[in-house]
There are 2 protein chains.
Amino acid sequence: MADTSTGNVLSANCPSRAALEVVGSKWALLIVPLLARQPLRNNELLRQVGGISQKMMTQTLRELERHGLVQRTDHQTVPPHVDYQLTELGRSLSEALVVVDRWAERHYPAVASARMAFDRRR
Amino acid sequence: MADTSTGNVLSANCPSRAALEVVGSKWALLIVPLLARQPLRNNELLRQVGGISQKMMTQTLRELERHGLVQRTDHQTVPPHVDYQLTELGRSLSEALVVVDRWAERHYPAVASARMAFDRRR
DNA sequence: CAGCATCCGGGTTGATACTG
DNA sequence: CAGTATCAACCCGGATGCTG
């Protein structure tokens, strides 16, 4: 809904905001970089990402597929063999996320100590 | 970080993962870029970000402060005047987020059409 | 192996009212 | 203006069991 009355810079339907929802997902942020390295199967993803349930994995992958970031390929075999890889669009996103990842790695110590200092204060 | 016992690439206590949680927050992704342009007060933030409640605003700002990304300044006046600005750390993050924001803007049409195509299929 | 259906407990969020 | 308190609603996400 367009919000011309309040002068919002970021109204609820702001285009980029919709796209950002994908990024806002906790797991998508972890899965996309993984797939950037190579296509993976469901089980491999489950193993490489710690602490995610099968349910959330499927859910997240569907969402990524829905947004055109991931390509799902069912090889139609028995037993089933399905793998996931980034689309062109997904690869372009992963390049942007790499920057964030690098930030996280480089600045993790600063974030951690800030948090500890803050918590000690309370 | 490596988890030698399970072979996880991304174990639950991976350092960068902790830092990524900040980014994973729906609202932080919107607030940080806003503050990158200029310091803002509580009410201004509420106005500029559409659809966020006072509660979530306070909560998110506290979290950002806790992680050393935002500096809260209480001018100790009546009526109250408090403003928020990015710290050095926060500015460095915002630079990384700018890349993601640009991605969102540029690729929003592709994401949107992918979603519509996918949904039509169901 | 991939993944859906179901149940359900707990954390998150919004609405409202109130304080300094 | 900035923020807290409280409560109820909601949805996320895990666990389990089952199917092709």
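In what follows, chains are A, B, ... by sequence order, proteins preceding strands, each numbered from 1. Below, each value reflects all heavy atoms present in this structure, side chains not excepted, and no hydrogens, waters or symmetry copies.
- When the side-chain nitrogen and oxygen atoms of B:Arg62 are compared with OP1 and OP2 of D:dT4, one or more of them lie within a distance under 4.0 Å.
- When hydrophobic clusters are built by joining Ile, Leu, Val, Met, Phe, Trp and Tyr residues whose side-chain heavy atoms come closer than 4.5 Å, directly or via intermediates, A:Val100 is grouped together with A:Leu34.
- Residue B:Asn42 places no side-chain N or O under 4.0 Å from the OP1 or OP2 atom of D:dC1.
- Residue-level contact check: B:Gln59 touches the backbone only, with heavy atoms under 4.0 Å from sugar-phosphate atoms and none from bases.
- When each of B:Gln54 and A:Pro79 is assigned the nucleotide of DNA chain D bearing its nearest heavy atom, the one mapping closer to the 5' terminus is B:Gln54.
- Of all nucleotides in DNA chain C having an atom under 4.0 Å from a heavy atom of chain B, the first and last in 5' to 3' order are C:dT13 to C:dG20.
- Side-chain contact annotation: A:Thr58 with A:Gln54, donor-acceptor N/O pair under 3.5 Å present.
- Side-chain proximity of B:Asn43 to D:dT6, D:dA2, D:dG13: nearest is D:dA2.
- Here the CH2-CG distance, from A:Trp103 to B:Leu89, works out to 5.0 Å after rounding to the nearest 0.5 Å.
- Between B:Arg41 and D:dC1 there is no side-chain N or O to OP1 or OP2 distance below 4.0 Å.
- Distance CG (B:Leu45) to C1' (D:dC1): 13 Å, rounded to an integer number of Å.
- The interatomic distance linking B:Leu61 (CG) with D:dT4 (C1') rounds to 15 Å, in whole Å.
- For A:Lys55 and D:dC12, the NZ to P distance is 9 Å, given to the nearest whole Å.
- Mapping B:Ser53 and A:Thr58 onto DNA chain C via the closest heavy atom, the residue that lands nearer the 5' end is A:Thr58.
- D:dG13 atom P lies 13 Å from atom CE of A:Met57, rounded to whole Å.
- The pair A:Arg41-A:Glu44 does not count as a salt bridge, with every side-chain nitrogen at least 4.0 angstrom from each carboxylate oxygen.
- Linking ILVMFWY side-chain heavy atoms closer than 4.5 Å, directly or via other members, places B:Leu86 and B:Val99 in two distinct hydrophobic clusters.
- An end-to-end axis angle of 50° holds for the helix from C:dC1-D:dG20 to C:dG20-D:dC1, taken from five base pairs per end and rounded to 10°.
- Note: the hydrophobic cluster containing A:Val32 does not contain A:Val98 (ILVMFWY, side chain heavy atoms under 4.5 Å, direct or indirect links).
- Of the two residues near DNA chain D, A:Trp27 and A:Pro80, the one whose nearest nucleotide lies more 5' is A:Trp27.
- For the pair A:Thr73 and A:Tyr84, the minimum side-chain heavy-atom distance is 4.5 Å or more.
- Side-chain contact between A:Ile31 and A:Thr60: present, with at least one pair of heavy atoms (C-beta onward) separated by less than 4.5 Å.
- Taking the nucleotide of DNA chain C with the nearest heavy atom to each of B:Lys26 and A:Glu44, the more 5' of the two is matched to A:Glu44.
- Residue B:Ser94 comes nearest to B:Arg91 through the heavy atom pair OG-O, 2.9 Å, listed as atom of the first residue, atom of the second, then distance.
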